[in-house]
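Written below as structure tokens is the structure these notes are about.
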Amino acid sequence: MSINSQSDIAANLQIGPTDHGMVRIYVEAENIDLPLDFDPEEAEEIAEELLAAAEAARSIGGPGKPGKGVKKPRR
């Protein structure tokens, strides 16, 4: 399966800190419990990649999504 492959798999995603100072991304689906732990610097890199992917997806547009010309709110 690649990044562009459609899937009917439903999953829950939880993100939060652990009591060991790590950031956990926890994926739960039918017959799958996948805890992924990252140090804070790795988690920040992942967050940056997510933001870059969101911006790229926004520029492509898609179902229910406006394409170019949409301004992103400032943080």
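Note that the numbering runs from 1 along the sequence shown for the chain. Being a predicted model, the structure only gives us computed values, none of them experimental.
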State yes or no: do L34 and I9 share one hydrophobic cluster built from I, L, V, M, F, W and Y residues joined by side-chain heavy-atom distances below 4.5 Å, directly or via other members?
no

Residues 41-53 vs salt bridge (charged side-chain N to carboxylate O under 4.0 Å, His left out), sequence neighbours excluded, gives none

With sequence neighbours left out, which residue pairs that include part of residues 8-23 fulfil the salt bridge (charged side-chain N to carboxylate O under 4.0 Å, His left out) condition?
none

Who pairs with S7 by side chain to side chain donor-acceptor pair (under 3.5 Å), at least two apart in sequence or on another chain?
none

Residues passing the salt bridge (Lys or Arg N to Asp or Glu O under 4.0 Å) test with D39, sequence neighbours excluded, are none

Would you list the atom pairs, donor with acceptor, under 3.5 Å between side chains in residues 22-31 and any protein atom, with sequence neighbours excluded?
residue	atom	partner	partner atom	Å
R24	NE	D37	OD1	2.6
R24	NH2	D37	OD1	3.2
R24	NH2	D37	OD2	2.8
Y26	OH	D33	OD1	3.0

Cluster check I46, I15: I/L/V/M/F/W/Y, side chain < 4.5 angstrom:
yes

